[in-house]
Amino acid sequence: MATERLQTRRWLATLFCLALLGLLALSAWQWRDGPPLSANLLQLLPNASHDALEGLATERMQVPLKHDLMLLIRHDDEREAQRLTESLAAELRGSGLFAQVRERVQPDLPAVARQLREQSLGLLSDTERQQLIEHPARFVQQRVERLYDPFAASPLPLEQDWFGIAGLALQQLPQLGTLRTGGDGRLIAEHAGQRWAVVHARAQGDAFDERLPQQVATLVETARSAVETAGGELLAAGGVLHAAHGQRSARAEASLIGSLSLGATLLLLLWLFRTPRILLAALPVLVGALAGAAACVALFGQMHVLTLVLGASLIGVSLDFPLHYLSKSWTLQPWHGRRALRLILPGLALALLTNLIGYLALAFTPFPALTQVAVFSAAGLLGAFLCTTCLLPLLFNGRLQPWPRPLGWAQRWLQLRQALLARIGSPWLLAVFGLFCLGGVLQLSFEDDLRQWVSRAPVLQQQAERIGTITGFRPTSQYLLVRAADAGALLERQAELSRRLSDLQAEQRLGGHLALSQLVAPTAEQTRLRAALAQLLAASQPLAALGAATNNLHAEIERLQAQPPVTIEAALAGPLGEPWRALWLGAQNDGVAGLISLQGLRDGAALEHIAEDVPGTTLVDQPARLNQLFAATKLQAGELKLLASLLIFALLCFPFGPGGALRCLAVPLLAALASLASLGWLGQPLTLFGLFGLLLVTAIGVDYAILMREQVGGAAVSLVGTLLAATTTWLSFGLLAVSSTPAVSNFGLTVSLGLAFSFFLAPWAIHQQDTPAQAGRPYGAA
Amino acid sequence: MTPLFKKWLAAAVLLMVTSVAMAQPFDLPQLAEQLSGPAVVRGDFIQEKHLRALPQPLTSHGQFALSREHGLLWLLQQPIRQDYRITPQGIARRSENGWQAVDPQGGSARQNQLFLAVLSGDTKALQRDFQLELSGAATAWRLQLTPRGALLKQIFADIEIQGGETVTQIELHETQGDRTLIRLLDSQTGVALTASEQRDLGD
């Protein structure tokens with residue numbers, strides 16, 4: 001029978017090795033084009049809307065956020081500034097990373113003139129249209145005044161625009177920001193007496209893929225040092241730079257956390273087991289990490305850097321399996337790898353299942369970020385478990401003699417605990433614990449903000465701020481989505497919204513906005529205007545007095561009357577329509593849709609009323625929606641925790657019965673409560689990530705209770721194993737607390753606090769009346 | 001080369017240098033200094049807009065006051081009354097409700113900056129956008145501005161400024177064929193703005 005079992009083991013190990021080879025091959029194939037890592041935060045956010053149109057609109061509005069790079073250059077010497085700008089633009093163009101690089105605009109004036117001539121009636125603004133229809137005489141009088149005005153620029157010569165309608169149409173088009181073009185077409189922004197040259201670039205392809213952000217960041221840094229060497233100043237802002245920063249810091253953190261926790265753990269093992277062979281215990285960790293990454297890439301196409309950082313903490317958890325197993329060598333002597341495994345396998349399997357329940361619960365949240373972490377971790381744990389059970393007994397089959405001291409310490413600690421319990425009863429301790437929890441939880445604040453998901457980059461933020469101040473460009477992620485039955489109704493709705501937004505602008509609550517109605521008037525209005533042209537001709541005497549021939553005036557009015565109504569598409573197709581092009585979503589299933597984009601929003605609440613008052617309007621406010629979702633998910637997290645606990649309870653009922661299961665489960669639940677309370681006492685907020693961390697506390701912490709209760713090799717040795725497991729887990733989760741991403745750091749803190757309490761509470765899982773299955777039995781008596 | 005030939009060449013070069021120096025006694029920095037000298041210049045103006053489409057030029061006149069520090073007041077009186085103010089912040093028109101900014105960002109912003117630069121002799125600002133050619137002497141000079149960039153070339157063919165102690169005439173040739181002639185008459189230099197000018201330029 002023993003040989004048969006040995007055969008099975010060998011067979012299992014061979015199978016495992018084959019699977020491992022397969023995994024290695026799969027990983028190599030997945031990484032063939034470099035690491036499949038993504039830093040796109042937007043990917044991690046739940047798709048807040050189930051509306052396809054909103055999805056399309058959001059995608060449109062995110063293009064500049066994701067792809068645009070804005071660079072500002074200043075130098076006291078005008079010519080030097082120009083030279084630096086030109087060489088920077090050439091550098092960017094030469095890199096091939098950008099679809100478009102603009103440091104100057106060459107407006108096609110003939111094309112502008114053509115559009116104005118053909119579409120002037122449609123492009124005329126609201127106010128001017130009213131003036132023309134209601135007070136034609138005053139309209140003509142103002143035309144005459146503009147002719148005398150030495151400063152009025154006119155895009156068309158008088159003979160092509162007798163009534164000045166085209167000139168007015170151009171003048172009334174809103175411009176966002178303070179960017180202007182110099183005489184030679186160079187983009188310029190002036191602020192506080194300083195003149196900045198502007199370079200605007202749009203990155204090609206996916207701004208968040210693995211290599212692009214780093215390459216762009218390097219280009220910008222090279223340019224910065226060149227400009228600074230020349231005595232100038234360079235400012236840069238863009239989502240792509242944030243992505244580069246996120247990638248860099250995540251990679252640095254993942255490797256720091258990974259190497260520190262792995263290194264410290266290995267040193268600890270060497271110190272305790274005194275044999276270099278013990279380093280093989282790290283094998284399950286490596287297999288686990290490989291399996292996690294492969295599963296993530298296979299399922300999601302790529303792995304997010306945030307998953308990488310959080311995944312680094314899995315090192316500590318997946319080490320628990322070999323540690324629980326190897327720690328049994330303190331009492332199970334002489335050491336026999338396979339027999340030890342047989343004894344610990346039920347506990348280990350239970351631990352794996354509870355961990356899986358905890359991690360998989362994360363997968364059911366609406367946050368793709370957590371789903372990824374869940375998949376990574378579940379696959380990782382499975383890999384580590386299989387490696388521990390299939391391979392370790394073969395690798396550690398010989399003599400294993402750990403340093404005996406820690407066992408003595410554990411025994412003393414358990415005696416001390418007994419003595420303490422004998423003096424002060426459990427109810428009293430529980431009361432103190434309850435008070436601690438109550439006091440802490442009362443001080444707890446819940447806080448969630450998208451900004452916590454982003455690694456802090458104050459330098460980048462400062463530069464973006466300054467660029468916003470200098471150029472007046474302050475893009476927001478809020479916008480209005482307007483739907484209507486047809487284009488005319490859409491433009492009317494947008495016009496109404498635009499009026500309300502202008503009021504907000506006047507009150508300084510909004511920096512600016514772009515609406516399609518600013519570019520083109522509703523068809524009905526254009527018809528009214530066309531009908532009023534006859535009155536204009538009747539009032540044209542002042543123009544005739546200047547020497548304008550009456551037949552010329554007649555001809556112009558006839559020409560204008562013959563113009564077909566200007567459609568949105570036609571207006572957008574011309575050079576003047578460029579800034580509005582992204583706002584038109586065109587025909588949809590049930591009508592048409594268009595957007596209104598906002599700049600420099602200071603008061604989001606005011607927008608809600610506006611959106612509610614105009615039918616067909618939706619305010620799409622991603623940050624607010626996410627924060628709502630964060631709040632809604634809190635409740636879900638609670639439900640998931642309950643569900644996970646019930647599942648774990650049901651699972652534990654099999655080996656321990658309902659009473660024992662409840663005892664085991666109480667340990668991590670109380671630990672989670674204590675972790676919450678500690679956050680309150682420490683003045684730390686609970687974030688959504690922290691809340692999900694508590695899910696993990698239940699799953700991982702219950703391991704300690706299970707292994708303490710199983711007591712393979714005795715209570716003291718179980719405590720040593722648990723201490724070892726807990727220490728390595730703390731090492732990794734505790735290190736997460738140093739992350740520069742606030743959400744990650746809060747997650748690390750919450751989990752490591754919870755696990756610390758789980759460890760301290762674990763001995764309570766041993767029930768005094770229970771006769772533990774293997775306690776006190778001589779080794780091998782099973 | 002014979003020594004005689006050498007001597008003759010040296011004399012010729014010397015002569016050339018001297019004549020060039022004498023023909024160009026007045027340069028751009030000097031012009032800038034001269035124009036930015038007085039704190040205030042005020043006077044009358046006559047503006048003629050020669051538009052291809054009209055048989056007669058549009059003629060208007062009024063008064064102006066240019067302050068080195070604050071900007072320009074351009075008070076049109078005939079045939080219509082209309083007051084303009086140009087400051088580095090932009091251009092404004094007087095209405096019943098006081099000064100109102102005109103088209104702060106649009107196409108005329110560039111033109112008004114240009115106008116201010118021309119009158120105050122800000123040659124540095126002008127050189128950004130134009131090729132400058134100065135001729136004449138301090139008492140009677142002529143400055144020719146040819147646009148450098150493609151954008152300005154689409155608007156202006158060239159601009160010609162004449163003056164002595166102050167600017168006396170500005171002529172703008174637009175690419176599309178129209179022409180504006182502004183004559184500044186009886187310019188007086190002063191040291192301070194009057195109270196009402198200060199009020200108009202101040203707020």
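As the structure is a computational prediction, the values presented were derived from the model and not from experiment.
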Checklist entry - For A:Leu170, is it the side chain, the backbone, both, or neither that has a heavy atom closer than 4.5 Å to a heavy atom of chain B? => result neither
Checklist entry - Is the number of heavy atoms from other residues, nucleotides or ligands under 6.0 Å of A:Arg93 CZ greater than 12? => result yes
Checklist entry - Above 12 or not: heavy atoms from other molecules or residues under 6.0 Å from NE2 of A:His135? => result yes
Next on the checklist: One pair to check against side-chain contact (heavy atoms from CB on, under 4.5 Å): B:Leu54 and A:Glu159. What are the steps and the verdict?
Outcome noted: CA-CA 9 Å; B:Leu54 295 181; A:Glu159 64 270 26; over 6 Å; no
Checklist entry - chain A: which of B:Ala53, B:Pro147, B:Pro55 shares the most heavy-atom pairs with it under 4.5 Å? => result B:Ala53
Next on the checklist: If we define contacts as heavy-atom pairs under 4.5 Å, which of B:Gln82, B:Gln127, B:Arg52 has the most with chain A?
Outcome noted: B:Arg52
Item to check | Interchain contact, A:Gln160 with chain B, by part (heavy-atom threshold 4.5 Å) | outcome: neither
Checklist entry - With a 4.0 Å cut-off, would you call A:Glu145 and B:Arg93 a salt bridge? => result yes
Next on the checklist: Checking the side chain of B:Lys49 only, and the main-chain atoms of A:Leu147 only, is there a donor and an acceptor separated by less than 3.5 Å?
Outcome noted: yes
Checklist entry - For chain B, which of A:Asn552, A:Leu546, A:Val144 has the most heavy-atom pairs under 4.5 Å? => result A:Leu546
Item to check | Shortest non-hydrogen contact between B:Leu76 and A:Tyr148, atoms and distance | outcome: CD2-CB, 4.1 Å
Checklist entry - Between B:Gln56 (side chain) and A:Gly547 (backbone), is there a donor-acceptor pair under 3.5 Å? => result no
Checklist entry - Measuring heavy-atom distances to chain A, does B:Leu58 have an atom under 4.5 Å in its side chain, in its backbone, in both, or in neither? => result both
Next on the checklist: Please check if the number of heavy atoms outside A:Glu507 that lie under 6.0 Å from its CD is greater than 12.
Outcome noted: yes
